[in-house]
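Structure, as structure tokens:
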There are 2 protein chains.
Amino acid sequence: MDAHRLLVFRQIARSGSIGAAARVLGWTQPAVSQHLRHLERQAGLPLVLRRPRGIQLTEAGRTLLGHADALATRLHAAADEMNALAQLEGGTVRLAAFPSAGATVVPAAMSLLAARHPALDVRLLQAEPPEALELVTVGEADLAVTFAHDGQPFTVPSGLVALPVGEDPVRLVLPNGHAQAEAAAVDLRSLAADRWIAGCERCTAHLERLCLAAGFTPDIRHGSDDYVVAQSLIAHGLGIGLLPQLALEAFHNPGVTAREVPGLRPRALHVVHHREAGRTPAVRAAVRAVRDAIAG
Amino acid sequence: MDAHRLLVFRQIARSGSIGAAARVLGWTQPAVSQHLRHLERQAGLPLVLRRPRGIQLTEAGRTLLGHADALATRLHAAADEMNALAQLEGGTVRLAAFPSAGATVVPAAMSLLAARHPALDVRLLQAEPPEALELVTVGEADLAVTFAHDGQPFTVPSGLVALPVGEDPVRLVLPNGHAQAEAAAVDLRSLAADRWIAGCERCTAHLERLCLAAGFTPDIRHGSDDYVVAQSLIAHGLGIGLLPQLALEAFHNPGVTAREVPGLRPRALHVVHHREAGRTPAVRAAVRAVRDAIAG
DNA sequence: GTAGGTTACGATCAGCGTAAGTATC
DNA sequence: GATACTTACGCTGATCGTAACCTAC
């Protein structure tokens, strides 16, 4: 059964004659006649009775018309739904973001998205960058918000693309009253003797790389990728650490002081999605919203 | 939305890759790829994510797949139903027949049809030939069983075709004990003085034409197109008449005697249907059954 | 190398239009 | 003659195949 012919047949049935159907379709009469002939040959049955003032459906024709109507309805529904998705009048976008972004810029971005496209369903999944990339790779998330420290090679799995969406300065975090808390200019070299609190795996690597460049190996006593825990450890004088600005925006323990370190490069923020997803309106809108939330 | 492309897309989704879909379809990979590209362009959305070992559906793709599945199901259902009608594994045929046929050959034909095609739904409508033709013309019956007396022009409305299916001898019906009831050979001329019982309009015209040819005008006292009534009138000695053999087979009043009249031509029996209906299997089967019932 | 996919382009065939013919009113 | 449809046939264009190329593993 050829669906196209079925739709032509439907027009014949609705118009009441082959010629009328041809006029509606913008075709000539023989073109429509041929379609009907093919359909009847394929069905092995006459579908219409040719009468002087038009056609009349046979039993087979009435039966087929029911199917043709259902077909047309389906096709329209499909087109409508595709249009809704293209116009962002529906659909879902799933964001995977690391915690400090999930507590700051991502909610802001989601709020922007909700305002711009109320019908869009936005969902947040919390995941550190490596897991976030995996979620996108396997299709459980549409967009990952990730970071990469300066000097760390930032590569994404093949098939994915990363777009820079901003930077996140890295601060030195000291307990209130620390010797360097009020110094004019902070230098890592002056902290070689301190004890350190490390963060996530990649943050720890970044810290070690920086200290090595400054001429010492940091004495890392504790580690936590939870910025609330890290600040608490620091506030209790158990060590010092580096924390990104986003983490300090998400939560700032009053017992700690954050200092800018000259020469300390910010970490880069990216959004990552499948290469093809860059043409999905919902993903594009989400990317714009994340970028605007960071810029705003 | 192009239905054909949708079905190709369905195959892609089911196969898990464009190449696999191409193999199933017996096409090359680029052919399938093009279909997908057109579909994505028309939808304005990516439908699949191209991954190293095949494709993965996007949200739009999953949505569209649902519609494509529904479409395929419909098309199969339509084909199945057309096939059932073509194979006489379903469907309806409506017969319009005049009373004496409806009481004799048509039930026999319906019985034959039921035996040959148990799933076929056969319906009988009783109607004198002119009305039967009208029923077929307007589509309320598929097949008319009609008769035409010898010498009567038998024409059917345009668009309809008539097929001869047999003959029905016309008998002279006399009350038992009538002078001619036991004669060696009956001659209409010997009945010029009798009173007559006429039948339906066309039968009356036929009777008058026969009598005129025999040299007299019949003294018609009563008329009834009901053969039971007519025979009752004759049995009571109120007149004599002509009745077709089918009417006598349907009902024979023991008070009447039927005689063959040499030279009296039988009436012709036809089945009539729309020209196109001649290719409808159910109608063809019904025609065969009527013909076989008359011949058997 | 193998597997999956795309782009570019040529060739073929489905399908529409034109023209001519049939039938009914 | 007007309307409805079919048949015959030519031409165009959608669509499929071939060839060349890209990417990932």
Side-chain angles (χ1 to χ4, degrees), chain A residues 1-9 11-13 15-42 46-58 61 133 137-138 155-161 274-279, chain B residues 1-9 11-42 46-58 61 133 137-138 155-161 274-276 278-279:
Chain A
M1 281 281 111
D2 182 84
H4 187 222
R5 291 198 207 286
L6 235 54
L7 294 179
V8 173
F9 170 69
Q11 192 58 60
I12 295 173
S15 302
S17 80
I18 295 178
R23 284 190 291 278
V24 171
L25 294 168
W27 293 350
T28 58
Q29 201 176 51
V32 178
S33 181
Q34 271 197 69
H35 276 290
L36 180 57
R37 188 157 53 107
H38 284 141
L39 207 55
E40 287 184 320
R41 181 127 56 104
Q42 193 174 353
L47 299 174
V48 306
L49 302 176
R50 278 77 168 170
R51 304 189 46 198
R53 305 199 196 297
I55 56 98
Q56 182 184 5
L57 295 183
T58 63
L133 292 182
T137 299
V138 302
T155 58
V156 292
S158 68
L160 305 190
V161 292
H274 264 103
R275 190 183 301 123
E276 288 90 352
R279 300 207 321 273
Chain B
M1 282 282 110
D2 183 82
H4 187 221
R5 291 197 207 287
L6 234 55
L7 296 179
V8 174
F9 169 69
Q11 192 58 60
I12 295 173
R14 308 196 112 207
S15 302
S17 80
I18 296 178
R23 283 190 290 278
V24 172
L25 294 168
W27 292 351
T28 57
Q29 200 177 52
V32 177
S33 181
Q34 271 197 71
H35 275 290
L36 180 56
R37 187 156 52 106
H38 283 141
L39 207 54
E40 287 184 321
R41 181 133 58 101
Q42 194 173 353
L47 299 174
V48 306
L49 302 176
R50 278 76 168 172
R51 304 189 46 201
R53 306 199 195 298
I55 57 99
Q56 182 184 7
L57 294 184
T58 63
L133 293 183
T137 299
V138 302
T155 60
V156 291
S158 70
L160 305 191
V161 292
H274 264 102
R275 190 183 302 123
E276 287 89 354
R279 298 205 324 271

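Letters A, B, ... are given to chains in the order of the sequence lines, protein chains preceding strands, and every chain is numbered from 1.
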Proximal nucleotide (of [options]) relative to the [X] side chain:
X      : options                  : result
S33(B) : dC16(C), dC25(D), dT7(C) : dT7(C)
H4(B)  : dA24(D), dC16(D), dT7(C) : dC16(D)
P52(A) : dC25(C), dG5(C), dG17(C) : dC25(C)

What is the distance, rounded to the nearest whole Å, between atom [atom1] of [X] and atom [atom2] of [N]?
X       : N       : atom1 : atom2 : value
R41(A)  : dT7(D)  : CZ    : C1'   : 13 Å
R275(B) : dT22(C) : CZ    : P     : 14 Å
W27(A)  : dG13(D) : CH2   : C1'   : 14 Å
I18(A)  : dT3(D)  : CD1   : P     : 17 Å
R51(A)  : dA4(D)  : CZ    : P     : 14 Å
Q29(B)  : dT15(D) : CD    : P     : 19 Å
L39(A)  : dG15(C) : CG    : P     : 12 Å
L49(B)  : dG4(C)  : CG    : P     : 17 Å

- Message: Quick check on DNA chain D: between G159(A) and H38(B), whose nearest nucleotide comes earlier from the 5' end?
- Response: H38(B)

- Message: Heavy-atom nearest nucleotide on DNA chain C for R53(A) versus H35(A): which residue maps closer to 5'?
- Response: H35(A)

- Between Q34(B) and P30(A), name the one whose nearest nucleotide on DNA chain C is closer to the 5' end. Q34(B)

- Should the pair H35(A) and H4(A) be assigned to parallel (<30°), tilted (30 to 60°) or perpendicular (>60°) ring geometry? perpendicular

- Query: G16(B) near the nucleic acid: base, sugar-phosphate alone, or nothing, with a heavy-atom cut-off under 4.0 Å?
  - Reply: nothing

- Query: Looking across every strand, which nucleic acid part, if any, lies under 4.0 Å from T28(B) by heavy atom: base, sugar-phosphate, or nothing?
  - Reply: base

OP1 or OP2 of [N] under 4.0 Å from side-chain N/O of [X]:
X      : N       : value
R5(A)  : dG15(C) : yes
R37(B) : dT7(C)  : yes
S17(A) : dT3(D)  : no

- Under 3.5 Å side-chain donor-acceptor pair for Q11(A) and S15(A): yes

- Item | Nearest heavy-atom neighbours spanning V161(A) and H274(A) | CG2-O, 4.3 Å

- Message: If we ignore hydrogens and angles and just use 3.5 Å, is the side chain of Q56(A) paired with the main-chain N or O of R51(A) as donor and acceptor?
- Response: no

- Distance-only, no hydrogens or angles: does the S17(A) side chain make a donor-acceptor pair with backbone N or O of I55(A) under 3.5 Å? no

